[in-house]
K.L.:
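Before we start, here is the structure in question, set down as structure tokens.
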There are 2 protein chains.
Amino acid sequence: MSDSPAAPLPDARTRILDAAEAIIRARGVAGLTLEAAAREAGVSKGGLLYHFASKEALLAGLLNRMAGHVEEAFRQVLEAQPEGRGRTTRAILAWTFDHPEAVCQQHERAAAVFLAAFHHDPALLDPVREVIGRIRARQREDGLPTGVAQAVMAACDGLFMASLFGMYALEEAERRAIRTALERLLEPSP
Amino acid sequence: MSDSPAAPLPDARTRILDAAEAIIRARGVAGLTLEAAAREAGVSKGGLLYHFASKEALLAGLLNRMAGHVEEAFRQVLEAQPEGRGRTTRAILAWTFDHPEAVCQQHERAAAVFLAAFHHDPALLDPVREVIGRIRARQREDGLPTGVAQAVMAACDGLFMASLFGMYALEEAERRAIRTALERLLEPSP
DNA sequence: TTTGACAAACCGTCCGGCCGGTATAGCTAA
DNA sequence: TTAGCTATACCGGCCGGACGGTTTGTCAAA
């Protein structure tokens with residue numbers, strides 16, 4: 001993201017986005033106020049308003065950046081998969097089950113931003129919807145029987161949601177078992 | 001819910017809960033204010049505060065009622081399933097895929113309440129966590145291979161989330177295909 | 001007369017958004 | 001070269017309104 005390794009401060013716009021994200025993660029959706037974001041970013045409230053004319057604009061900026069990051073991350077996971085039948089769906093499984101720590105953190109950040117945006121205005125999620133739409137379009141050309149790819153994706157979504165909302169904690173053995181079960185779906189059906 | 005068929009007005013407490021739910025569904029999480037809930041319920045703000053001493057108490061009341069409804073509804077679906085291997089997991093599938101209209105509406109209501117509560121304080125979700133914990137405990141005695149039941153539940157959660165956040169709309173054919181794929185998981189593995 | 005179940009008015013706080021101001025940099029023309 | 005103009009990027013304070021919560025009042029039933 002930063003083109004100079006020694007740059008101590010990114011530009012104000014990026015700093016504001018980072019600050020807003022950090023606040024959402026630390027103090028929750030309700031903790032995000034323009035003043036707090038400005039303070040955390042080291043700019044004044046007026047300065048923030050210069051870059052993002054409203055709270056909604058700030059959230060939209062957050063969402064757009066997040067959608068871009070997510071799509072890029074998924075692209076990388078996808079390219080790491082061997083080509084062939086079910087490639088996209090295999091990528092989704094890999095994305096869910098053996099992501100590196102960095103991706104996991106990114107997921108958490110994305111989730112927090114996602115919920116904050118949804119809270120303010122569900123329409124803000126449109127960029128994310130587009131990303132998901134593109135992934136689903138890929139899946140449809142994945143060479144898998146109808147329903148299999150979608151079932152796997154739904155399961156991955158569900159696991160993500162469960163951890164997001166802290167519904168239950170999976171032990172590592174359970175995670176592996178779930179993955180094994182889902183991979184069975186990818187095999188040609190008898 | 002109402003013990004008298006001709007009762008035009010339930011007691012104030014129930015009316016307040018209903019009103020709060022309706023507001024959350026109609027105007028979103030942010031639209032729920034004590035004043036609005038009181039107005040919608042046909043009581044004054046003071047009246048509302050008499051029954052629920054704070055906004056948090058109101059949300060907690062909403063969550064508890066919701067968790068009770070959900071557990072009761074699931075119990076009914078469960079009892080409609082034939083006994084034997086995978087009963088609980090089959091019930092989850094039925095719950096997700098061929099619920100009557102009433103259950104579908106209940107899901108929507110539950111989702112809205114769920115998000116509102118999470119926004120205010122994630123700890124409010126504890127009653128729901130308990131319900132889910134009980135369902136998962138049942139699943140573990142379901143006679144299915146490890147991971148299968150959890151995978152199906154995750155998929156159902158994912159579908160629910162997708163509709164909740166409006167991520168994508170499934171056509172009926174797709175829904176059926178997903179269900180078929182998930183049911184394949186329940187069959188004894190080769 | 002006491003009490004449960006509200007009503008009505010009110011208060012302090014906080015937040016989003018707007019405004020007037022300002023320092024800096026770049027351009028331009030004399 | 002430099003005085004003047006303009007745009008950019010930002011500061012800091014203010015305001016209007018909304019919202020959660022408190023207090024005081026009311027009134028019928030017990």
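Just so you know, these numbers use all the heavy atoms, side chains as well, and skip hydrogens, waters and symmetry mates. Everything numeric here is computed off the predicted structure, so don't read it as measured data. Reminder, nothing fancy here: chain letters follow the sequence lines and each chain counts from 1.
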K.L.:
Can you check whether B:Leu78 reaches B:Arg138 side chain to side chain, under 4.5 Å on heavy atoms?
P.N.:
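They are in contact (side-chain heavy atoms under 4.5 Å apart), so the answer is yes.
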K.L.:
Do other residues, nucleotides or ligands put more than 12 heavy atoms under 6.0 Å from the CD atom of A:Glu171?
P.N.:
no
K.L.:
Figure out the CD1/P separation between B:Ile23 and D:dC19, and round it to whole Å.
P.N.:
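Those two atoms, CD1 and P, are 11 Å apart.
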K.L.:
If you look at every strand shown and take non-hydrogen atoms under 4.0 Å, does B:Leu49 touch a base, only sugar-phosphate, or nothing?
P.N.:
base
K.L.:
Using atom CG of B:Asp11 as one end and atom P of C:dC6 as the other, report the distance to the nearest whole Å.
P.N.:
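Going from CG in B:Asp11 over to P in C:dC6 covers 8 Å.
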K.L.:
Taking CZ from B:Arg13 and P from C:dA5, how many angstroms apart are they, rounded to a whole number?
P.N.:
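Answer to the nearest Å: 12 Å.
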K.L.:
Quick check for you: among C:dA8, C:dC15, D:dC19, whose closest atom lies nearest to any side-chain atom of B:Ser44?
P.N.:
C:dA8
K.L.:
Write down the distance between NZ (A:Lys55) and P (C:dG16), rounded to a whole number of angstrom.
P.N.:
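Nearest whole value for this atom pair: 4 Å.
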K.L.:
What is the separation between atom CZ on B:Phe52 and atom P on D:dT22, rounded to the nearest whole Å?
P.N.:
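My rounded result for the distance is 16 Å.
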K.L.:
Return the value, rounded to whole Å, for the distance between atom CD of A:Glu35 and atom C1' of C:dC14.
P.N.:
8 Å
K.L.:
Is there a donor-acceptor pair closer than 3.5 Å between any side-chain N or O of B:Asp142 and the backbone N or O of B:Thr89?
P.N.:
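Yes, B:Asp142 side chain to B:Thr89 backbone: donor-acceptor pair under 3.5 Å.
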K.L.:
Considering just the side-chain nitrogens and oxygens of B:His51, establish if one lies under 4.0 Å of OP1 or OP2 belonging to C:dA5.
P.N.:
no
K.L.:
Quick check for you: among D:dC11, C:dG17, C:dA8, whose closest atom lies nearest to any side-chain atom of A:Leu34?
P.N.:
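Within the option list, the nearest is C:dG17.
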K.L.:
Could you state the CG-C1' distance from A:Leu48 to C:dC15, rounded to the nearest angstrom?
P.N.:
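In whole Å, C:dC15 C1' lies 13 Å from A:Leu48 CG.
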K.L.:
Hey, which sits more toward the 5' end of DNA chain D by its nearest nucleotide, B:Lys45 or A:Gly47?
P.N.:
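Per heavy-atom nearest nucleotide, the more 5' residue is A:Gly47.
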K.L.:
Can B:Trp95 be reached from B:Met161 by stepping across I, L, V, M, F, W or Y side chains whose heavy atoms are under 4.5 Å apart?
P.N.:
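Yes, because B:Met161 and B:Trp95 connect within a single hydrophobic cluster, where side-chain heavy atoms sit under 4.5 Å apart.
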K.L.:
Both conditions, 6.0 Å and 45 degrees, for the charged tip of A:Arg136 above the ring of B:Tyr168: are they met here?
P.N.:
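Judged by the rule, A:Arg136 and B:Tyr168 form a cation-pi pair.
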K.L.:
When the distance from CZ of B:Arg39 to P of C:dC6 is rounded to whole Å, what number comes out?
P.N.:
19 Å
K.L.:
So, does A:Tyr50 get its side chain near the phosphate of D:dC10, meaning an N or O under 4.0 Å from OP1 or OP2?
P.N.:
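For A:Tyr50, the contact criterion (side-chain N or O under 4.0 Å from OP1 or OP2 of D:dC10) is not met.
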K.L.:
For A:Ala12, report the nucleic acid contact type (base, sugar-phosphate, nothing); a contact means any heavy atom under 4.0 Å.
P.N.:
sugar-phosphate
K.L.:
Base, sugar-phosphate, or nothing for B:Leu32, non-hydrogen atoms under 4.0 angstrom?
P.N.:
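Answer is sugar-phosphate: B:Leu32 comes under 4.0 Å of backbone atoms only.
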